[in-house]
*Asks:* 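Have a look at this one.
Predicted model, so just to flag it, every value in this text is computed and none were measured. For the numbers below, each heavy atom of this structure counts, side chains included, while hydrogens, waters and symmetry mates do not. Protein chains get the first letters and strands the later ones, always in sequence-line order, with residue 1 at the start of each.
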2 protein chains.
Amino acid sequence: MDFQQQLKSLGMSVTPVRLAVLEALNENPHSEASRIFQAVQDKLHTASIQAVYKNLNAFVEHGLIKEFRPKGMSAIYETRVGDNHHHLVCRSCGLIEDTDCIDTAPCLTSTDPKDFKIDEAEIIFWGICPTCQNKHHSEIGET
Amino acid sequence: MDFQQQLKSLGMSVTPVRLAVLEALNENPHSEASRIFQAVQDKLHTASIQAVYKNLNAFVEHGLIKEFRPKGMSAIYETRVGDNHHHLVCRSCGLIEDTDCIDTAPCLTSTDPKDFKIDEAEIIFWGICPTCQNKHHSEIGET
DNA sequence: ATCAATATTTTTAATTATTAAATTATTTAT
DNA sequence: ATAAATAATTTAATAATTAAAAATATTGAT
């Protein structure tokens, strides 16, 4: 199903900006708003960052995309939804990669859930990516 | 070991603002900078938010406190470090609670680590806290 | 206790990320 | 093709965080 169809089936109207945002995000997974804005501009030669933010929020609310916020970074968006995957984040260069969950079912088991009704477990694995491991060890610094 | 000792052993000089920040955070776990600033003001009747930010960052760098950033919130700080615990966050009211890890050792096992050298797994369990579960179901909204 | 060196705090200001409101343009349903 | 509803642009504001310079406090040596 293409983006046009997806928007319609969610009852959202189809606009050039919206399609451009979704395409941009699809082509640049794990992007922040400003990067998506740039990519949208490349496609449309016009567009406001406000519209980008507004649509990103609308898409998140409709479950079309996901948002997460690693410390030291702006909000990060991704189109991969509906499965239960997590993220590897490089402390050195900020690279973000998807990583699968152990189960196909969401890993919602906390040993000590304090009576919370848990619906999602969001995991960030912090570490050093392969590329940065091969650089100077001395240059590795935390954010 | 009290805060004064901890600062000294890290080679950091001891100041009223620093002690107040650490005490404030100890008394208000899972606080954001502005809340800590308020608590510091209550103790010192003077102090700048800039000093609070600067010290929070310095403490994080020295491993004296930890920082994390649930989506929709400002940076959250905590004094509980050195163990491997995670967080329960209420989607409705924003309440944050600690929750223990399954193992005493950090749960660093990703099924698909993509050659990252992982040193930390940070988990946020999203859900609804007991108090909010007992409120109107209709009022529950995501951020 | 005092002094110099160093680090921290305050003050003033800037930047970055994000959201809001009003007006104009586009989309959708008819 | 038109009207009503929705979205985009423009202009502006707010919130969170960081920066730089001057003033002050802390530390370690005397």
*Asks:* If you walk 5' to 3' along DNA chain D, what is the first nucleotide with an atom under 4.0 Å of a heavy atom in chain B, and what is the last?
*Replies:* dA16(D) to dT27(D)

*Asks:* With axes from five pairs an end, tell me the bend angle of the helix from dA1(C)-dT30(D) to dT30(C)-dA1(D), nearest 10°.
*Replies:* 50°

*Asks:* Write down the atom of Val81(B), the atom of Gly63(B), and the distance for their closest heavy-atom approach.
*Replies:* CG2-O, 3.7 Å

*Asks:* Which pair of non-hydrogen atoms, one from Phe37(A) and one from Ser48(A), has the smallest distance, and what is that distance?
*Replies:* CE1-C, 3.5 Å

*Asks:* What's the shortest heavy-atom distance between Ala47(B) and Val40(B), and which atoms?
*Replies:* CB-CG1, 3.7 Å

*Asks:* Check Asp98(B), Ile96(B), Thr99(B), Leu95(B) against Leu88(B) for a side-chain contact (heavy atoms from CB on, under 4.5 Å) and give me the one that passes.
*Replies:* Thr99(B)

*Asks:* Give the intermediate values and the outcome of salt bridge (charged side-chain N to carboxylate O under 4.0 Å, His left out) for residues Asp119(B) and Lys117(B).
*Replies:* CA-CA 7 Å; Asp119(B) 62 72; Lys117(B) 193 182 289 176; over 6 Å; no

*Asks:* Which ones in residues 36-54 of chain B lie close to DNA chain D, meaning a heavy atom under 4.0 Å from one of its atoms?
*Replies:* Gln50(B), Tyr53(B)

*Asks:* Once you round it to whole Å, what is the distance between C1' of dA17(C) and CZ of Arg69(A)?
*Replies:* 8 Å

*Asks:* So, for Cys90(B) and Ile128(B), which heavy atoms are closest and what is the spacing to 0.1 Å?
*Replies:* SG-CA, 4.0 Å

*Asks:* In this structure, which one of Asn28(A), Val21(A), Asn57(A) forms a side-chain contact (heavy atoms from CB on, under 4.5 Å) with Tyr77(A)?
*Replies:* Asn57(A)

*Asks:* Taking all heavy atoms of Phe116(B) and all of Pro130(A), pick out the closest pair and write down the distance.
*Replies:* CD1-CD, 3.9 Å

*Asks:* Residues two or more places apart in sequence or in another chain: which of them pass salt bridge (charged side-chain N to carboxylate O under 4.0 Å, His left out) with Asp115(B)?
*Replies:* none

*Asks:* Heavy-atom contacts under 4.0 Å between residues 11-22 of chain A and DNA chain D, which residues?
*Replies:* Ser13(A), Thr15(A), Val17(A), Arg18(A)

*Asks:* Once you round to the nearest 0.5 Å, how far does CE of Met73(B) lie from NZ of Lys71(B)?
*Replies:* 10.5 Å

*Asks:* Under 4.0 Å between a side-chain nitrogen and a carboxylate oxygen: does that hold for Glu27(A) and Lys43(A)?
*Replies:* yes

*Asks:* On DNA chain D, does the nearest nucleotide to Glu32(B) precede the nearest nucleotide to Asn55(A) from the 5' side, or the other way round? Give the residue.
*Replies:* Asn55(A)

*Asks:* List the steps and the verdict of salt bridge (charged side-chain N to carboxylate O under 4.0 Å, His left out) for Lys66(A) and Glu122(A).
*Replies:* CA-CA 11 Å; Lys66(A) 279 190 78 175; Glu122(A) 180 187 325; over 6 Å; no

*Asks:* Whole Å only: how far is the CD atom of Gln4(A) from the C1' atom of dT27(C)?
*Replies:* 12 Å

*Asks:* With sequence neighbours left out, what residues match Phe68(B) under ring-ring contact (aromatic ring centres under 6.0 Å, His included)?
*Replies:* His87(B)

